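Read the structure below first, then the notes.
The shown structure was predicted, so the numbers you read here are calculated from the model rather than taken from an experiment. Just so we're on the same page: letters track the sequence lines, and every chain starts at 1.
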Amino acid sequence: VTDDRELDALLDDSAEDLYEHAPCGYLSTTLDGRIVKINQTLLGWLGRTRAEVVDRSRFTDLLTVGGRLYHETHFAPLLRMQDSLSGVALELRTASGGRLPVLVTSVVKKDSAGEPLLIRTTVFDARDRRAYEEELLRARRAAEREQTRVTELARTLQRTLLPPVLPDVPGLSVAAHYHPASADQVGGDFYDVFPLAGDRWGVFVGDVCGKGAAAAAFTSLTRYTLRSAAVYDDDPVVVLRNLNSVLHQERRDPRFCTVVFGILTPAPHGGCTVTLASGGHPPALLLGADGSASYQHTAGGQLLGMLPSVRIATTTVHMTKGDTLLLYTDGLTEARVDASRTRLGEDALLDFAQAHAPTTADKLIADLTRLLSTLRVEDDVAALSIST
Amino acid sequence: VDVVSRYNVVVTGPADAPVVVLAHGFGCDQNLWRLVVPRLARDYRVVLFDHVGAGRSDVAAWSADRYSSLGSYADDVLTLVRELDLHEVTLVGHSVSASIAVLAVAEDSSRFAKLVLLTPSPCFLDDGDYHGGFSVADIEELLESLDSNYLGWSATMAPVIMGNPDRPELGDELTNTFCRMDPEIARVFARATFLSDNRADLAQVTVPTLVVQTAEDAIAPREVGEFVRDQIPGSELVTLDAVGHCPQLSAPEPTAAVIACFVGP
């Protein structure tokens, strides 16, 4: 009983004492920021007397200049709009010229009619907390710098896998687009157009499985092998068989890829003949000058790099004036068209082609780029178009 | 992306009434105008928007390169009035948007009838006899303040804040739902805002201009308002009996009233 009474006595004087000596700072300000009430704890932190502060200072006078700017541009407008604000980090200036990091929470007190009367603010000493947060901030900044570096590295690496500019092919227009699925991982899609003996040109689009540095190294090997093989013997089937042998012997990082390789031979009276060979790659699309569109099937070709010898599928396309050929990777047809996760698919791509035929290489690639921006692309997409 | 979604354009008020475009300043978004809009929308076609990077604008349109100078924000304002095909516009710019408005009108005044500069400061830095109120060190301190409040921002909340709420339940967790801004964007906007000097552009303004300031403003001192009035030929200065840098919040009725009085019927 005695203990309870002593406890009551201890708590009895509380209201005033609790306000004045609470373990946090309290202050009340009028709506224009004038300090009308402040507790002893906060005065102690500031090193000031009540007479110096009450009715003579505004809340912003207690802040550093930067803090004052932050208060006027962020804190005050927000408080007006939502009537409360919590955990804002500011610094107080003390009488001795020091700075005290604090966390500030404010609420607007209203009368019964809902008219704002007063702003009540609590102030917490945040010295330890701020030191810890600064560490966190430093770590986050370091992580962000690292992220930027990785993204830059991936972008640089990606650039080395694609021709910086496409060559001018006499009598033909060529355009290409690369859509990376990820900013910080180099993808495995590739394409190229390059001159061969006579007035023939080689062209390829391919897709190495996987992503990242190892896939990039494999992509680089694939690309240079294709170019060298084509110089040696430009029969598209032989080119892909040679590529398959080289990739199959690559023991350090066994991977596979799909490639469509073509030889462009200009026809004597305009137009051009394209001999295509495919190792497991999606079919090319021909958009005719007459507004038609059709797949140029190369079914039955096998993935390259997996087996010692492979089956290669071929087809020949005769392009006349106004025809446009599209080579692409499966990132395009596998892109999601909506949140229900439906894939674009070959049928919808054919519809798209029919809607845009007849066209030119530049226009088709521009339209395709726009289409990609509306899709949820999960894998890299490479697309290359040739028009006569 | 069309201008309506790029700048999160919100239009209210009678379709055939005179057009008033309200441009928000640094630190917030179009929400800042919420208390004056009901009054203005009675008589005017009120056009609200968010600067790129602020509010629910299209963040994808933002780049540090482009938005490190106020000229790009001014270009956006011109694009907006052109694309929305607005004519005889009264452009109201608050704080840094007063400078942005001056740049826009100086560039191409053809679609603007009048200009209202609310608590403007063409230069926040002190320079010889000119008292902008701040030093470069003060501005660095502001950037520190932005950083200190950086931890309140997190990537998981960004989609909610940026208006792509894939996870609407996160919205409830936000205490400060207005005026959130990616800290990276805030830093760039803060630099553009507080380190620009647009004093020389004021004389280029050729449309009737009203300068509105408050009796006590910790950011734009009264002598700055007078400076702006003196530099813009034929402009008027009104000093509201209000305190703070955002009179549209601290004194919405008088603020709306002076704007309406200036725009006229």
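No side-chain donor-acceptor contact under 3.5 Å links A:R56 to the backbone of A:R34.
Contact of B:F194 with chain A is made through the side chain alone, with heavy-atom distances under 4.5 Å. With a 4.5 angstrom heavy-atom cutoff, A:L69 touches chain B via backbone and side-chain atoms both. A:T60 does not touch chain B: none of its heavy atoms, backbone or side chain, sits under 4.5 Å away. Only the side chain of B:E216 comes within less than 4.5 Å of a heavy atom in chain A; its backbone stays farther off.
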Begin from the C-alpha positions of A:D32 and A:T30 and carry the test side chain to side chain donor-acceptor pair (under 3.5 Å) through to its verdict. CA-CA 5 Å; A:D32 60 9; A:T30 54; 2.5 Å; yes

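Aromatic ring orientation, B:H51 versus B:Y73: perpendicular (interplanar angle above 60°, classes split at 30° and 60°).
Under the side chain to side chain contact (heavy atoms under 4.5 Å, CB included) criterion, A:V107 pairs with A:S84, A:R120, sequence neighbours left out. The side chain to side chain contact (heavy atoms under 4.5 Å, CB included) check on B:D50 picks up B:N8, B:H24, B:D29, B:Q30, B:R56, B:S57, with sequence neighbours excluded. Partners of A:L92 under the side chain to side chain contact (heavy atoms under 4.5 Å, CB included) rule, at least two apart in sequence or in another chain, are A:L42, A:L46, A:L62, A:L63, A:L100, A:V102, A:V123.
Contact record, B:S95 with B:G25: CB-CA, 4.5 Å, taken as the closest heavy-atom pair.
Ring-centre distance between B:F189 and B:Y67: not below the 6.0 Å cut-off.
Residues of residues 239-252 of chain B that come within less than 4.5 angstrom of chain A, heavy atom to heavy atom, are B:V243, B:G244, B:H245, B:C246, B:L249, B:S250 in numerical order.
Put simply, of A:R68, A:E91, A:R99, A:H71, the one with the most heavy-atom pairs under 4.5 Å next to chain B is A:R99.
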